[in-house]
Amino acid sequence: MVDSEQLAIYTHGHHESVLRSHRQRTAENSAGYLLPHLRSGMSLLDVGCGPGTITVDLAARVAPGPVIAVDLTTEALDVARIEAQSRNVSNISFAIADAQALEFADNTFDVVHAHQVLQHLADPVQALREMRRVCVPDGIVAARDADYAGFIWYPKFPALDRWLDLYEQAARANGGEPDAGRRLLSWAQEAGFEDITPTGGIWCFATPDDREWWGGMWADRIRQSALADQLVESGMATATELTEMSSAWREWAAAPNGWLAIPHGEIFCRA
């Protein structure tokens, strides 16, 4: 087992604004690099399933193959269960698990998947070793993570530069690595994988509806989530500064020329 001191803190928390963001994720917009390799009857482990929107999509693709969705908290798993029930997907079971010490036997799953998980872990290489261990020989280990330092937006707002700087500080203070996307290949190599296909993907928010959703979500999130609490309680930022960042997000969302791109690293590995 991984010692509790090696567990990073989940920077985002589970405020409604965070779940609002995560519920927009689908297998199509967040795991497209993996989808061509899935087939009916495969067994799949989804590590760090969050609200379960991606999990349910993947489960539908491998049905009737069994899927196990794991996360660190019952709070996240309860939301994922509701998602599965609402979409009548019944081949998923749920369990609390630490990605760095998975309580599954060797060679258990055909596919092991993690989306936006490794960036939050104290030891992402150990997590990848565990994902490899529980995967069958020649099975698939797939992971995708954002790279915060690569965020690009227009128009420029100084308050948003400050937002990005504070997020990176907070994530690292919690033991994570917010610029995980660029590190996935090196982490996979260190974890012992030899057959690795590294790729990249991007989310782009530029239409009025997309800007309203993303900007409004972060306008709320920077003032009310676990991240907001951490920034104020640690003295990294004042409540006034967070209000300024919130206003900047709404300003960006309202700009007719507003554009935002988020790069992601992806790894498709054979165990």
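For the numbers below, each heavy atom of this structure counts, side chains included, while hydrogens, waters and symmetry mates do not. Because the structure is predicted, anything quoted here is derived from the model rather than measured.
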Are the side chains of L242 and V232 in contact, using a 4.5 Å heavy-atom criterion? yes
Using the salt bridge (charged side-chain N to carboxylate O under 4.0 Å, His left out) rule, collect all pairs that involve residues 235-261, keeping only residues at least two apart or in two chains. R162-E241, D220-R250
Counting N and O atoms only, with roles assigned by atom type, does the side chain of D71 sit under 3.5 Å from a partner on the main chain of L77, one being a donor and the other an acceptor? no
Tell me the closest heavy-atom pair linking A188 and L128, and the distance in Å. N-CD1, 3.8 Å
Would you confirm whether E83, through its side chain, and P51, through its main-chain N or O, come within 3.5 Å as a donor-acceptor pair? no
What residues join I82 in its hydrophobic cluster, counting side-chain heavy atom gaps under 4.5 Å, either direct or through other members? none
Quick one: CG on D123 to CZ on R129, what's the gap to the nearest 0.5 Å? 6.5 Å
Between R270 and D138 (side chain of the first, backbone of the second, donor and acceptor by atom type, cut-off under 3.5 Å), is there such a pair? yes
F268 side chain near T199 side chain, heavy-atom distance below 4.5 Å: no
Quick one: sort the W214 and W249 rings into parallel, tilted or perpendicular, breaks at 30° and 60°. perpendicular
For A84 and I92, the nearest pair of non-hydrogen atoms, with its separation, is CB-CD1, 4.2 Å
Apply the hydrophobic cluster definition, ILVMFWY joined by side-chain contacts under 4.5 Å directly or through others, and give me every member besides W259. I152
Taking only residues at least two apart or on different chains, which pairs with a member in residues 142-161 satisfy salt bridge (charged side-chain N to carboxylate O under 4.0 Å, His left out)? R144-E266, D147-R182, K156-D161
Applying ring pair (Phe, Tyr, Trp, His ring centres under 6.0 Å), can you list everything that pairs with F157, at least two apart in sequence or on another chain? none
Would I54 and I202 show up in the same hydrophobic cluster when neighbours are defined by side-chain heavy atoms closer than 4.5 Å? no
Applying side-chain contact (heavy atoms from CB on, under 4.5 Å) to A99 and not counting sequence neighbours gives V47, L121, A127
Is a side-chain N or O of Q119 found less than 3.5 angstrom from the main chain of G181, in a donor-acceptor match? no
Looking only at heavy atoms, the pair that brings A80 and F94 closest together is CB-CE2, 3.7 Å
Heavy atoms, side chains only, cut-off 4.5 Å: are V112 and F104 in contact? no
Check whether any side-chain heavy atom of R25 lies under 4.5 Å from a side-chain heavy atom of W203, and answer yes or no. yes
Counting C-beta onward and ignoring hydrogens, is there a side-chain heavy-atom pair between W187 and I267 closer than 4.5 Å? no
Distance col, row H115:NE2 vs L58:CG, nearest 0.5 angstrom, shows 10.5 Å
For the CD atom of E212 and the CZ atom of F205, what is their distance to the nearest 0.5 Å? 13.5 Å
Are any side-chain N or O atoms of Q100 and backbone N or O atoms of Q126, one a donor and one an acceptor, separated by less than 3.5 Å? no
Going hydrophobic residue to hydrophobic residue with side-chain gaps under 4.5 angstrom, can you get from I68 over to V136? no
Would you confirm whether E168, through its side chain, and A149, through its main-chain N or O, come within 3.5 Å as a donor-acceptor pair? yes
Partners of D106 by salt bridge (charged side-chain N to carboxylate O under 4.0 Å, His left out), sequence neighbours excluded? R133
Let me know which of L185, L184, I196 forms a side-chain contact (heavy atoms from CB on, under 4.5 Å) with C269. I196
Test: salt bridge (charged side-chain N to carboxylate O under 4.0 Å, His left out). Region: residues 187-210. Which pairs qualify, not counting sequence neighbours? none
Take atom CD of Q169 as the centre, draw a 6.0 Å sphere, and report whether it contains more than 12 heavy atoms from other residues, nucleotides or ligands. yes
Once side chain to side chain donor-acceptor pair (under 3.5 Å) is applied, what residue pairs with a partner in residues 29-46 remain, sequence neighbours excluded? T26-N29, S43-D110, D46-T55, D46-H113
By salt bridge (charged side-chain N to carboxylate O under 4.0 Å, His left out), D179 pairs with (sequence neighbours left out) R172
Listed once per pair and sorted, the salt bridge (charged side-chain N to carboxylate O under 4.0 Å, His left out) pairs that draw on residues 54-63, sequence neighbours left out: E28-R61, D57-R87
Which pair of non-hydrogen atoms, one from P263 and one from A261, has the smallest distance, and what is that distance? CD-O, 3.9 Å
Aromatic rings W163 and Y148: how do their planes relate, parallel, tilted or perpendicular, breaks at 30° and 60°? tilted
In short, M236 meets A173 closest at the heavy-atom pair CE-CB, 4.0 Å
What's the shortest heavy-atom distance between L227 and A170, and which atoms? CD1-CB, 3.7 Å
Looking at residues at least two apart in the chain, or sitting in another chain, which of them share a salt bridge (charged side-chain N to carboxylate O under 4.0 Å, His left out) with R183? E177
Going hydrophobic residue to hydrophobic residue with side-chain gaps under 4.5 angstrom, can you get from L35 over to V62? yes
Using atom types as modelled and distance alone, determine if a side-chain donor or acceptor of N91 lies under 3.5 Å from a backbone N or O of V67. no
What distance do M245 atom CE and W218 atom CH2 have between them, rounded to the nearest 0.5 Å? 10.5 Å
Any link between Y154 and W213 through a network of hydrophobic side chains (Ile, Leu, Val, Met, Phe, Trp, Tyr) touching at under 4.5 Å? no
